[in-house]
Amino acid sequence: MTPEEETDALLDALGRGEMTDAFDPAARLLAALLDDVSQWRSSVSMTPST
């Protein structure tokens, strides 16, 4: 598997909410950022301001 394919597989897994490698610092960081964005999106009102 090429590095690009590995990156794509990691991002796909994180997008599905799966933690593929708990010991990989980059994977942990991406998972934490994804979780933060998900929490932020759920707390933001989607009503446009006028």
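Positions are given from 1 along the sequence.
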Listed partners of Asp35 passing side-chain hydrogen bond (donor to acceptor under 3.5 Å, both in side chains), at least two apart: Gln39
side-chain contact (heavy atoms from CB on, under 4.5 Å) partners of Glu5, counting only residues at least two apart: Met1, Thr2
Point-to-point distance, once rounded to the nearest 0.5 Å, from CG of Asp12 to OG1 of Thr7: 10.5 Å
